Amino acid sequence: MAHFIKSAFSANDWIADGKTEFCFSGRSNVGKSSIINAMAKNKIAITSKTPGRTQLANFYQFDKFRLIDLPGYGFSNNSKDKNSDIANIIDTYLSQRVNLFGVFQICDAGVITEMDKKMSIYFNKKFINHFIVLNKIDKISKSQLNNNLDRISKFLMVKKDNILSISAKNNIGINLIFKKITEVSKDI
């Protein structure tokens, strides 16, 4: 059964073991916490309609892996110091965590931004296992999504095979995340 473990501000607060980890990264308010809750089939992550609430790295334990929810990138209503702290948490975790085996970049299926592109380029250079999760597909038509997948793939510079289309709200495609985690974990 999945559960919340702890929040961490710095590397000193991380869990010191060798368990396999995957992380969620994305802009504020793209539904990372909602996806975690859908994966857990329980409310283990706090959701908010107010962007920028996740300001620490949150650790969640699932059966065979740990999932880390990183603070949202690109939220402009925070102070400069707070944005600097958040950027430091994200960068430190991504660059130093040795048991990180994959990054799921969560994007809003209806709004892909330049910041998403910059982060996608960063993840592509740094990680072999980088997946785009297009959340909120319930808010756009199937034809709109299908017509835009090639454009999204080119814009974010990822293979279409690494794009997962889901709706946390309607529990659509959540199994695709588990499937990718299982595929990556076979290589460990």
Side-chain angles (χ1 to χ4, degrees), residues 20-41 45 47-49 51-52 54 60 62 65 67-76 83 86-87 90-91 93-95 97 100-188:
T20 302
E21 290 182 356
F22 294 87
C23 77
F24 279 1
S25 184
R27 286 182 294 114
S28 294
N29 217 27
V30 294
K32 293 181 288 156
S33 297
S34 296
I35 295 170
I36 292 167
N37 289 337
M39 290 174 68
K41 297 180 182 167
T47 58
S48 172
K49 292 188 183 210
T54 302
Y60 298 90
F62 284 76
F65 65 93
L67 182 64
I68 313 318
D69 180 17
L70 296 175
Y73 56 75
F75 185 60
S76 59
N83 278 335
I86 288 171
I90 294 169
D91 188 56
Y93 177 81
L94 293 172
S95 62
R97 194 63 168 167
L100 176 62
F101 288 92
V103 174
F104 289 90
Q105 182 181 359
I106 314 300
C107 297
D108 184 324
V111 184
I112 309 290
T113 68
E114 283 294 327
M115 179 61 79
D116 291 322
K117 181 179 182 176
K118 286 179 187 174
M119 292 303 289
S120 183
I121 291 167
Y122 171 77
F123 295 142
N124 283 335
K125 287 179 183 175
K126 195 153 183 68
F127 301 101
I128 295 170
N129 300 312
H130 168 225
F131 307 99
I132 301 293
V133 177
L134 298 178
N135 190 23
K136 304 183 183 183
I137 62 168
D138 53 288
K139 294 186 176 188
I140 60 175
S141 70
K142 272 189 178 178
S143 63
Q144 182 183 359
L145 176 65
N146 292 334
N147 292 338
N148 286 326
L149 279 178
D150 283 330
R151 270 189 254 149
I152 292 169
S153 173
K154 287 177 187 166
F155 183 71
L156 296 178
M157 298 181 198
V158 295
K159 295 183 243 172
K160 275 177 64 174
D161 290 350
N162 285 1
I163 299 176
L164 314 175
S165 301
I166 73 160
S167 168
K169 179 181 177 183
N170 295 339
N171 206 21
I172 298 169
I174 299 301
N175 61 319
L176 299 172
I177 298 170
F178 285 111
K179 185 178 176 187
K180 288 295 182 187
I181 288 171
T182 300
E183 288 172 11
V184 169
S185 297
K186 285 179 186 174
D187 298 333
I188 299 170

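Because the structure is predicted, anything quoted here is derived from the model rather than measured. Computation of the quantities below employed the complete heavy-atom set of this structure, encompassing side-chain atoms and omitting hydrogens, waters and symmetry-equivalent molecules. Position 1 is the first residue of the sequence; numbering continues from there.
A distance of 6.5 Å separates CG in L100 from CG in L94, rounded to the nearest 0.5 Å. Atom CD1 of I163 is separated from atom CG of L149 by 6.0 Å, given to the nearest 0.5 angstrom. Separating the CD1 atom in I36 from the CG atom in L67 is a distance of 5.0 Å, to the nearest 0.5 Å. In this structure, SG on C107 lies 13.0 Å from NZ on K117, to the nearest 0.5 angstrom. Interatomic distance, NZ of K125 versus CE of M157, reported as 9.0 Å (0.5 Å rounding). Atom CE of M119 is separated from atom NZ of K126 by 11.0 Å, given to the nearest 0.5 angstrom.
Nearest heavy atoms, S25 versus L70: CB-CD1, 4.4 Å. Residues A38 and A168 share a closest heavy-atom pair of CB-O, 4.1 Å. Minimum interatomic distance between A109 and I137 (heavy atoms only, all atoms of both residues): CB-CG2, 3.9 Å.
The closest donor-acceptor contact from the side chain of K32 to the backbone of D69 lies at 3.5 Å or more, if one exists at all. Formation of a donor-acceptor pair under 3.5 Å by the Q105 side chain with backbone atoms of D116 is found in this model. No donor-acceptor distance shorter than 3.5 angstrom exists from the side chain of S167 to the backbone of K136, with no hydrogens or angles considered. No donor-acceptor pair under 3.5 Å is formed between the side chain of N135 and the backbone N or O of I35. Counting only distance, with no hydrogens or angles, the side chain of T182 and the backbone of F178 share a donor-acceptor pair below 3.5 Å.
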As a quick check of understanding, evaluate side-chain contact (heavy atoms from CB on, under 4.5 Å) for V184 and F131, giving each step before the final call. CA-CA 11 Å; V184 169; F131 307 99; 3.8 Å; yes

Show, in sequence, the C-alpha distance, side-chain angles and deciding distance for I140 and L145, and conclude whether the side-chain contact (heavy atoms from CB on, under 4.5 Å) test is met. CA-CA 7 Å; I140 60 175; L145 176 65; 3.9 Å; yes

Go through the steps to decide whether V158 and F123 satisfy the test side-chain contact (heavy atoms from CB on, under 4.5 Å), and finish with yes or no. CA-CA 10 Å; V158 295; F123 295 142; over 6 Å; no

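You'll find the side chain of Y60 stays beyond 4.5 Å of the side chain of E21, heavy atoms only. Counting heavy atoms from C-beta outward, R97 and I68 have side chains that stay 4.5 Å or more apart. Within the 4.5 Å cutoff, no side-chain heavy atoms of F155 are placed close to those of N148.
Using the six-membered ring where Trp is involved, F65 and F22 have ring planes that are perpendicular, over 60° apart on the 30 and 60° scheme.
For the side-chain contact (heavy atoms from CB on, under 4.5 Å) test with V133, the passing option among L164, V30, N162 is L164; the others fail.
Applying the salt bridge (charged side-chain N to carboxylate O under 4.0 Å, His left out) test to every pair with at least one member in residues 153-181, sequence neighbours left out, gives these pairs: D150-K160, K180-E183.
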